[in-house]
Amino acid sequence: MHTRRIPIDPANIDRAVIKEAAALIRAGELVAFPTETVYGLGADALNASAASKIYAAKGRPSDNPLIVHISRFEDLCAVASGEAARAGRLAEVFWPGPLTVIVPGSDKVPRETTGGLKTVAVRMPGHPVALALIEESGCLIAAPSANTSGRPSPTEAAHVAADMDGRIPLILDGGAVGIGIESTILDLTEEIPLILRPGYITKEMLEEALREEVRMDPGLCAAGDKKTTYSECCGGSLHVSAAPGAGTGLRPKAPGMRYRHYAPRAELIVLEGEPGRVAEEINRLVRSRQAEGKRVGVIAADETRSCYRADVVAGAGARAQEEVIARRLYGILREFDDLNVDVIYSESFDTPRMGLAIMNRLLKAAGHRVVHV
Ligand code: AMP
Ligand code: MG
């Protein structure tokens with residue numbers, strides 16, 4: 001299949017392009033489009049065969065449900081069943097925006113979209129191209145991130161093309177996205193709302209809007225990855241944590257948070273600790289891996305970037321500008337792949353607001369291999 005990539009200016013949307021993309025969605029085809037979080041791979045959410053094409057294009061496990069994207073709050077009722085009071089309060093504050101809610105699903109939503117669950121994930125994206133496409137298509141659009149399953153989510157159209165060329169008919173190229181990591185997912189089917197995936201919208205923001213307690217899924221830290229020893233990943237004797245919670249039997253509630261995900265092709269290891277010691281240890285590791293003939297990369301904050309000597313050193317952004325770190329992270333992981341890096345050592349980024357979301361993605365990309373120095 002030939003994949004066309006059409007530029008579209010989010011500030012001055014070409015209606016003819018949107019009409020063409022909307023016609024493809026109505027015809028049961030796939031269209032990749034920008035959202036404010038990452039690029040999405042869209043299909044008509046209520047058309048079973050269209051939704052199943054998403055799984056085929058991504059190589060996505062069929063038990064990993066899709067998020068349904070809407071452009072009007074009323075459309076929540078088309079896919080949800082039952083009470084939507086809490087969703088309404090959240091929508092007023094955060095929609096359109098990077099928040100997905102899980103609500104009881106209606107029978108109209110095919111199992112290809114829900115992964116066979118009785119609940120459904122819904123979000124109104126805050127990107128003009130996404131909203132225009134949903135509106136013009138007259139459909140609800142199921143859209144996971146537009147990457148091959150397991151690879152880092154795409155934050156630019158070039159990333160989508162790298163994974164989807166030849167697999168889908170159209171990519172709407174609206175430039176680089178604003179946020180760069182996927183939406184916060186909040187499960188409203190629990191008595192106490194539960195965050196299944198951290199994102200730009202934090203627990204504190206949700207609690208303020210709902211005026212009630214919100215919990216973090218305790219299974220989030222337990223990604224089920226096997227315990228790795230330091231000698232396995234670095235050839236030394238320092239302590240490496242397993243995923244906290246591993247071995248406790250906890251599993252993340254969102255099916256998609258259970259898989260190794262966001263991962264570059266290179267081996268990725270995160271180092272935590274006092275910055276000076278982290279830099280010293282990373283530089284030592286880089287030298288020892290280079291001695292084995294490996295090409296080694298480092299991900300560092302702008303402040304400490306100049307401390308490192310490696311084949312490639314990527315500056316993720318200043319620690320004070322955590323939005324920049326979030327926006328750049330997936331692009332950096334893809335760049336390392338393009339540069340044929342074999343091993344990546346990364347600083348950790350426990351920044352005040354988005355640190356939880358950034359570290360969730362980085363640790364998943366690393367298969368939870370963390371070295372404490
Ligand atoms: P993506 O769109 O690729 O960012 O992935 C969507 C995420 O939402 C995955 O982690 C899914 O497992 C999760 N998800 C979608 N629907 C549900 C649901 N009904 N219950 C729990 N998690 C869900
Ligand atoms: Mg995804």
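Both ligands and their constituent atoms are indexed starting at 1 by order of listing. For the numbers below, each heavy atom of this structure counts, side chains included, while hydrogens, waters and symmetry mates do not.
Backbone and side-chain nitrogen or oxygen atoms of Glu182 are examined, and none is located within less than 3.5 angstrom of a nitrogen or oxygen of ligand 1.
Salt-bridge check for Arg289 with Glu267: passed, with a basic side-chain N closer than 4.0 Å to an acidic carboxylate O.
Of all the listed residues (Pro255, Gly256, Ala121), Pro255 holds the heavy atom that lies closest to atom 22 (N) of ligand 1. Counting only non-hydrogen atoms, the option in Lys118, Lys58, His69, Arg197 that gets closest to atom 4 (O) of ligand 1 is Arg197.
Only side-chain heavy atoms of Arg60 come within less than 4.0 Å of ligand 1; its backbone N, CA, C and O stay farther off. Residue Ile185 touches ligand 1 through its side chain alone, judged by heavy-atom distances below 4.0 Å. For Leu196, every heavy-atom contact with ligand 1 shorter than 4.0 Å involves the side chain, none the backbone.
Side-chain atoms of Thr100 and Ser183 include a donor-acceptor pair closer than 3.5 Å.
A salt bridge (charged side-chain N to carboxylate O under 4.0 Å, His left out) with Asp187 is found for exactly one of Arg197, Lys253, Arg86, namely Lys253. Screening Leu329, Ile299, Val270 for a side-chain contact (heavy atoms from CB on, under 4.5 Å) involving Phe349 leaves a single residue, Ile299.
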Let me see the working for Arg319 and Glu347 under salt bridge (Lys or Arg N to Asp or Glu O under 4.0 Å), right down to the final yes or no.
-> CA-CA 11 Å; Arg319 285 186 183 274; Glu347 293 184 347; 2.9 Å; yes
Evaluate the salt bridge (Lys or Arg N to Asp or Glu O under 4.0 Å) criterion for residues Arg334 and Asp163: first the C-alpha distance (whole Å), next the side-chain angles of each, then the deciding distance (0.1 Å), finally the verdict.
-> CA-CA 11 Å; Arg334 281 180 179 264; Asp163 286 9; 2.9 Å; yes
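Looking from atom 2 (O) of ligand 1 to the surrounding protein, the closest heavy atom is Pro144 CA, 3.1 Å. Looking only at protein heavy atoms, the nearest one to atom 19 (N) of ligand 1 is Thr119 OG1, 2.9 Å. For atom 9 (C) of ligand 1, the nearest non-hydrogen atom of the protein is Asn64 OD1, 3.5 Å.
Which parts of ligand 1 touch Ser145 is read off a 4.0 Å heavy-atom cut-off, strictly below it: atoms 1 (P), 2 (O), 3 (O). Residue Pro65 has at least one heavy-atom neighbour below 4.0 Å for each of these atoms of ligand 1: 11 (C), 12 (O), 14 (N), 15 (C), 16 (N), 17 (C), 23 (C). For ligand 1, the atoms closer than 4.0 angstrom to any heavy atom of Leu117 are 18 (C), 19 (N), 20 (N).
For the Mg ion (ligand 2), the tally of protein N/O/S atoms lying closer than 2.8 Å stands at 1.
Taking CG of Leu196 as the start and CE of Met216 as the end, the distance is 10.0 Å to the nearest 0.5 Å.
The shortest non-hydrogen separation linking Pro193 to Leu188 is CB-CD2, 4.1 Å.
Other residues sharing a hydrophobic cluster with Val160 under the 4.5 Å side-chain heavy-atom criterion for ILVMFWY residues are Leu30, Tyr39, Leu41, Ile54, Tyr55, Leu66, Met164, Ile168, Ile171, Val177.
Note: His69 and Phe33 have perpendicular aromatic rings, judged against thresholds of 30 and 60 degrees for the angle between ring planes.
Within 6.0 Å of CD in Glu208 there are 12 or fewer heavy atoms belonging to other residues, nucleotides or ligands.
Cation-pi geometry between Arg353 and Tyr200 is satisfied (NZ or CZ under 6.0 Å from the ring centre, within 45° of the ring normal).
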